[in-house]
Colleague: 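What follows is a structure written as structure tokens; I'll ask about it next.
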Amino acid sequence: MAGAAGQVRGRALRRFPITLPVGDVSICEGAVVKTNTNAEKTDEEEKGNTAQSLPSLTRTASRAKYLVDNTNQVEVLQRDPNSPLYSVKSFEELRLKPQLLQGVYAMGFNRPSKIQENALPLMLAEPPQNLIAQSQSGTGKTAAFVLAMLSQVEPANKYPQCLCLSPTYELALQTGKVIEQMGKFYPELKLAYAVRGNKLERGQKISEQIVIGTPGTVLDWCSKLKFIDPKKIKVFVLDEADVMIATQGHQDQSIRIQRMLPRNCQMLLFSATFEDSVWKFAQKVVPDPNIIKLKREEETLDTIKQYYVLCSSRDEKFQALCNLYGAITIAQAMIFCHTRKTASWLAAELSKEGHQVALLSGEMMVEQRAAVIERFREGKEKVLVTTNVCARGIDVEQVSVVINFDLPVDKDGNPDNETYLHRIGRTGRFGKRGLAVNMVDSKHSMNILNRIQEHFNKKIERLDTDDLDEIEKIAN
DNA sequence: AAAAAAT
């Protein structure tokens with residue numbers, strides 16, 4: 001049952017604000033209007049907010065509908081004011097194909113998550129809608145776009161119809177697993193991994209209906225090698241979309257791939273963070289984007305206790321880490337380093353101390369990387385020493401501790417707030433509690449930490465690693 | 001600086 005609001009058309013909207021099934025959401029036609037029943041902000045702040053968060057929309061989307069739910073958690077901008085926007089409270093309402101619904105329940109999902117409630121009806125609408133969605137890690141983004149891909153796919157057609165790009169090899173494998181699980185009741189459906197090391201015979205065309213891959217390989221498969229006919233792609237997904245379109249990230253390749261796709265191809269961009277300039281760029285490259293923002297950054301950070309350890313050198317950081325070691329192996333931990341070199345050094349040093357640790361960085365062979373992440377997932381490895389390759393998206397439920405052996409900085413040496421949030425988001429997933437420890441070893445890195453602290457407006461407390469009682473306390 | 005390519 002799609003509910004009455006599902007059938008509501010523009011005509012009715014002109015006369016009354018309509019209450020949607022999701023709480024007390026109301027929608028207004030015309031200019032971008034924010035209706036917030038808990039409005040505490042002044043008009044000025046409100047205007048400032050809207051202009052900042054949705055910059056180009058006030059100018060171009062005069063017919064769009066903008067709404068905020070009563071908890072102030074979800075912001076939606078809907079392009080077509082006539083299409084029936086509503087949110088769903090159950091997967092049945094989406095009228096998915098039976099095999100797909102079966103897959104959803106087989107994965108243990110009972111009800112749509114907050115982002116899914118709003119994103120799914122939009123993505124499944126006819127004709128297909130483009131979407132830029134932002135919601136923090138662990139809120140069900142992957143399942144959302146996998147569902148969108150699987151509902152559009154035609155298993156009888158033996159060519160790629162859905163294409164998903166991931167920033168790293170490990171994330172592509174992880175997302176691929178979700179696609180396989182959710183699509184397992186389609187007997188004909190096949191998935192291809194367009195990742196480094198997956199070599200195909202020249203001149204071949206691939207028959208798999210869904211392709212998941214990393215940008216370089218996908219670009220090759222679409223252009224030079226012609227394994228994929230990009231003109232037949234119906235759904236294009238960018239996972240961790242902010243890095244995929246960032247100048248510093250994979251922008252070139254992502255955009256080159258995007259340009260090969262047909263005009264009517266559905267574009268779906270998902271990420272936990274969007275830095276301002278990237279956010280603007282996203283709205284430029286995606287035609288008529290619908291926008292969903294699930295804002296609750298603080299809540300994520302509230303479930304993660306953040307500390308810092310003051311040291312004066314790399315060796316002291318290593319000592320402090322050894323002191324922490326007893327506490328962090330309680331469940332599983334990830335230790336982030338700035339370079340591949342530091343990561344392999346640290347892993348070697350920890351091994352020398354008799355600790356069992358795993359190492360994962362981009363300099364390793366893909367086969368080895370797949371084996372390491374698999375062992376970590378299975379819990380055979382408790383501690384993973386890694387680089388930013390694992391900063392995003394990697395989802396291992398037992399990870400309760402994240403250690404920034406080096407703080408995240410960009411190429412100019414400025415704090416990388418987005419990466420910080422992504423890294424510590426590896427813990428505290430699905431509402432679980434997490435612990436993040438930052439290692440500071442100089443005035444410079446203390447300054448970086450202070451700026452990160454200010455950015456999130458969240459106190460990061462000092463931790464004394466010589467005080468065993470204190471370590472005991474934070475571990476529980 | 002890391003990631004991403006059959007370059």
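Here is the naming used below: chain letters follow the sequence lines, and residue numbers restart at 1 for every chain.
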Colleague: Charged N to carboxylate O under 4.0 angstrom, A:K341 versus A:E363?
Modeller: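 Salt bridge absent between A:K341 and A:E363.
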Colleague: Under 6.0 Å from the NZ atom of A:K205, do we count more than 12 heavy atoms belonging to anything else shown?
Modeller: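 Counting other residues, nucleotides and ligands, NZ of A:K205 exceeds 12 neighbours.
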Colleague: Tell me whether A:E374 is salt-bridged to A:K177, with the criterion being a basic N under 4.0 Å from an acidic carboxylate O.
Modeller: yes
Colleague: Taking CD from A:Q251 and C1' from B:dA3, how many angstroms apart are they, rounded to a whole number?
Modeller: 15 Å
Colleague: Roughly how many Å is it from NE2 in A:H250 to C1' in B:dA3, rounded to a whole number?
Modeller: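 Value for this atom pair: 5 Å.
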Colleague: Taking the side chain of A:P215 as heavy atoms from C-beta outward, which of B:dA3, B:dA6, B:dA4 is closest to it?
Modeller: B:dA4
Colleague: Give the rounded distance in Å between these two atoms: CD1 of A:I245 and P of B:dA4.
Modeller: 19 Å
Colleague: Please determine, by modelled atom types, if A:H422 and A:S137 share a side-chain donor-acceptor pair under 3.5 angstrom.
Modeller: no
Colleague: The side chain of A:R202 is closest to which nucleotide in this list: B:dA1, B:dA6, B:dA4?
Modeller: B:dA6
Colleague: Could you state the atom-to-atom distance from NZ of A:K224 to C1' of B:dA6 in whole Å?
Modeller: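 Value for this atom pair: 5 Å.
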Colleague: OP1 or OP2 of B:dA4 less than 4.0 angstrom from a side-chain nitrogen or oxygen of A:R392, does that happen here?
Modeller: no
Colleague: What is the nucleic acid contact for A:L225, judged by heavy atoms within less than 4.0 Å: base, sugar-phosphate only, or nothing?
Modeller: base
Colleague: Counting only side-chain N and O atoms of A:R340, is one of them less than 4.0 Å from OP1 or OP2 of B:dA1?
Modeller: no
Colleague: Please tell me if A:T168 has a side-chain N or O lying less than 4.0 Å from either OP1 or OP2 of B:dA2.
Modeller: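 Checking B:dA2 against A:T168, no side-chain N or O comes under 4.0 Å of OP1 or OP2.
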Colleague: Rounded off to whole Å, could you give me the NE2-to-P distance for the A:H338 and B:dA3 pair?
Modeller: 11 Å
Colleague: What is the distance, rounded to the nearest whole Å, between atom CD of A:E363 and atom P of B:dA2?
Modeller: 9 Å
Colleague: If you check the A:R196 side chain, which of B:dA4, B:dA1, B:dA3 turns out closest?
Modeller: B:dA4
Colleague: When all nucleic acid strands are considered with a 4.0 Å heavy-atom cut-off, which category describes A:F336: base, sugar-phosphate, or nothing?
Modeller: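 Nothing, no nucleic acid heavy atom in range.
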Colleague: Identify which one of A:R314, A:K317, A:H338 satisfies the side chain to side chain donor-acceptor pair (under 3.5 Å) criterion when paired with A:D406.
Modeller: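 That would be A:K317; it is the only one of A:R314, A:K317, A:H338 passing the side chain to side chain donor-acceptor pair (under 3.5 Å) with A:D406.
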Colleague: Would you mind reading off the distance between A:D239 atom CG and B:dA3 atom P, rounded to a whole angstrom?
Modeller: 18 Å
Colleague: The side chain of A:T217 lies closest to which of these nucleotides: B:dA3, B:dA6, B:dA1?
Modeller: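 The closest nucleotide is B:dA6.
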Colleague: What's the closest nucleotide to the side chain of A:Y169 if the choices are B:dA6, B:dA1, B:dA4?
Modeller: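 Nucleotide nearest to A:Y169's side chain: B:dA4.
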Colleague: Taking CG from A:D416 and C1' from B:dA3, how many angstroms apart are they, rounded to a whole number?
Modeller: 13 Å
